Amino acid sequence: MKQRRSVWRAVRSLLPALGLAVAAVAMPTTASAATASSSAVGSTGTVSSGWNDDSCRPSAAHPRPVVLVHGTLENGTNNWWSFAPYLTARGYCVFSFDYGKIGVPGMYGLGPAEKSAGELAQYVDKVLAVTGAAKVDIVGHSQGGMLPRYYLKFLGGAPKVNALVGIAPNNHGTTLSGIAKLLDVVPGARKVISGTAAGLTDQVAGSDFMKKLNEGGDTVPGVRYTVIATRYDEVVTPYRSGFLDGPNVRNVLVQDLCPVDISMHLTLGTIDRVAFHEAANALDPEHATPATCASMVS
C-alpha cells in the first residue's frame, strides 16, 4: 500500500508536466470571452467577438471557414481568446470546439489522440454543412497543430482541407524537456497515465501513436502545411521536432522573423502577434505581407 501511494504521488506530479500544465495557469477564461448562448456548431458557445457564428458565410476574399483546434489542457475558448478575434476582424468565418474530454472541467485534449481526431472529423463536417463551404482551413496550437494530420492521413480529411497551420505543433513527439523520461522511471507511471489520459502519453516521442502518424511521410497530397515554431519552446522539445518534411511545407521560426521574440510554447499560440501574422499569411498567401517585429503592435 505504501508503495502504491508513492507511485500515485509521483504520477500526480508528473501528469501536469506531461499535460502542458502551463496552459491551465496562464490562460484564464474571462467573462468577456464568451456568452452563455449555445451554437449548433461551436461547442464552446457563440462568443461576443464574433467567432462560432453559425450565420457567418465565407466571403469571396476568404472563401474557407477556419477551424481552430486547441492544445492539451486547453479548450476552444481560452486557447483562442486573442487569435479568433484577430481573424474575425480580418473577415474570416472562425469556429472552435472542444475535444478529448475525460471529465476535467475546462481542460481538454486529454482523451486518446485517435478518438480526438475523429471528433475533429465530425466537427469539420458540421462546419462545412453550416457554412456551405467546400473546404476549411485548420489552425491548431500544440496537440491541435498535430492532431489534424491524423485526420488528413487516416480519416479522409484531405479532400476537405486546403491548409493546415500548426503553431508550436507536436508533430514528432516530445521529450518535454526530458520530463517524459520519467514515464519509464516512475514505476507504473506510463500505464496509469495511458489508462486515464491517453492524450498525454500519445504525444511522447516514440509512442505508438506517433509512430503510426509519421510512418510513410509527414504530409498528404493536396494540402498546404505551415509550421510556426519558437526556439524557446519548453514543451515541444526539441523545438525542431515540430517541423515537417514534404512538398507544400513551410517551416517558420519566429526568431527568424523577429529576433527579439522570446515567446515560449504557450504564448506563441495565444498572444504572439508575429505568429498570428504568419498564420494569417498562410491562410491567404496571395496577399501575404512580411511578418516582422512590427507585427507585435499591429
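Owing to the predicted nature of the structure, the values given are computational and were not obtained by experimental measurement.
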In the single-linkage hydrophobic clustering (I, L, V, M, F, W, Y; side-chain heavy atoms under 4.5 Å), do L73 and I102 co-cluster? yes

Mark yes or no for whether N281, through its side chain, and T289, through its backbone, hold a donor-acceptor pair below 3.5 Å. yes

Would a single hydrophobic cluster contain both Y151 and F154, if residues Ile, Leu, Val, Met, Phe, Trp and Tyr are joined by side-chain heavy-atom contacts under 4.5 Å? yes

If you apply the rule salt bridge (Lys or Arg N to Asp or Glu O under 4.0 Å), what do you find for K153 with E215, and how did you get there? CA-CA 11 Å; K153 197 170 185 179; E215 185 177 10; over 6 Å; no

Atom pair OG (S96) and CH2 (W81), whose distance is rounded to the nearest 0.5 Å: 14.5 Å

Within the 4.5 Å heavy-atom criterion, are T292 and L257 side-chain neighbours or not? no

Side chain to side chain, D54 and F95, heavy atoms closer than 4.5 Å: yes

Just grab all the ring pair (Phe, Tyr, Trp, His ring centres under 6.0 Å) pairs involving residues 196-241, residues at least two apart or on different chains. Y150-F209

Would you say T267 and D272 make side-chain contact, with heavy atoms under 4.5 Å? no

Any donor-acceptor pair under 3.5 Å linking the side chain of T270 with the backbone of N79? no

ILVMFWY cluster, I271 and M264 together (side-chain gap under 4.5 Å): no

Donor-acceptor pair, distance only, cut-off 3.5 Å: does the side chain of D98 make one with the backbone of G76? yes

Under 3.5 Å, is there a donor-acceptor pair between the S142 and H265 side chains? yes

Do you know the tightest heavy-atom contact between S241 and P238? OG-O, 2.6 Å

Exercise: identify the closest heavy-atom pair between V161 and A163: CG1-O, 3.5 Å

Between T237 and E234 (side chain of the first, backbone of the second, donor and acceptor by atom type, cut-off under 3.5 Å), is there such a pair? no

Can you name the salt bridge (Lys or Arg N to Asp or Glu O under 4.0 Å) partners of K212, sequence neighbours left out? E114

For V127, does its backbone N or O pair with a side-chain atom of T131 as donor and acceptor, under 3.5 Å? yes

Please tell me if the side chains of R149 and L213 come closer than 4.5 Å, counting only heavy atoms from C-beta onward. yes

Check: S59 and Y92 side chains under 4.5 Å, non-hydrogen atoms: no

Verify, without hydrogens or angle tests, whether N170 (side chain) and Q203 (backbone) share a donor-acceptor contact under 3.5 angstrom. yes

Rounded to the nearest 0.5 Å, what separation is found between the CG atom of D137 and the CG atom of L164? 9.5 Å

Angle between ring planes, Y99 versus H70, binned at 30° and 60°: parallel, tilted or perpendicular? parallel

Positive for side chain to side chain contact (heavy atoms under 4.5 Å, CB included) with I228, one of L253, V165, V139: V165

side-chain hydrogen bond (donor to acceptor under 3.5 Å, both in side chains) filter on K160, not counting sequence neighbours, yields D125

Tell me the closest heavy-atom pair linking G145 and N171, and the distance in Å. O-OD1, 4.0 Å

With rounding to the nearest 0.5 angstrom, report the CH2 to CH2 distance, W51 to W80. 10.0 Å

Worked check of side chain to side chain contact (heavy atoms under 4.5 Å, CB included) between L128 and V136: CA-CA 7 Å; L128 292 176; V136 301; 3.5 Å; yes

From L152, N248, N162, V249, residue fulfilling side chain to side chain contact (heavy atoms under 4.5 Å, CB included) relative to V223: L152

Should M210 and M146 be marked as a side chain to side chain contact (heavy atoms under 4.5 Å, CB included) after you check the CA-CA gap, both sets of side-chain angles, and the distance that decides it? CA-CA 10 Å; M210 282 295 169; M146 168 275 292; 3.8 Å; yes

Say you draw a straight line from CG of N75 to CZ of F97; how long is it, rounded to the nearest 0.5 Å? 12.0 Å

Between Q143 and P169, is there a donor-acceptor pair closer than 3.5 Å when you use the side chain of the first and the backbone of the second? no

Does L244 offer a backbone N or O that forms a donor-acceptor pair with the side chain of N251 under 3.5 Å? yes

Yes or no on side chain to side chain donor-acceptor pair (under 3.5 Å) for S295 and H277, after CA distance, side-chain angles and deciding distance? CA-CA 7 Å; S295 303; H277 189 159; 2.7 Å; yes

Is any side-chain heavy atom of P148 closer than 4.5 Å to one of L120? yes

Residue pair V235 / L176, side-chain heavy-atom distance below 4.5 Å: yes

Under 3.5 Å donor-acceptor, S207 side chain and D202 backbone: yes

Give a yes or no answer on whether the side chain of R231 reaches the backbone of Q255 with a donor-acceptor pair at less than 3.5 Å. no

First locate atom SG of C93, then atom NE2 of H62, and finally report the distance between them rounded to the nearest 0.5 Å. 10.0 Å

Considering only heavy atoms from C-beta outward, does the side chain of N214 approach that of D218 to under 4.5 Å? yes

Minimum heavy-atom distance T230-S263, with the two atoms named: OG1-O, 2.6 Å

Nearest heavy-atom neighbours spanning L147 and S116: CD2-CB, 3.6 Å

Measuring from atom OG1 of T72 to atom OH of Y108, what distance do you get when rounded to the nearest 0.5 angstrom? 14.0 Å

Looking at every heavy atom in both G118 and L155, which two are closest together, and how far apart are they? N-CD1, 3.7 Å

Step-by-step side chain to side chain contact (heavy atoms under 4.5 Å, CB included) determination, V66 to F83: CA-CA 11 Å; V66 179; F83 183 60; 5.6 Å; no

Start with the C-alpha distance between V274 and M296, add both sets of side-chain angles, then the distance that settles side chain to side chain contact (heavy atoms under 4.5 Å, CB included), and finish with yes or no. CA-CA 6 Å; V274 178; M296 291 182 174; 3.8 Å; yes

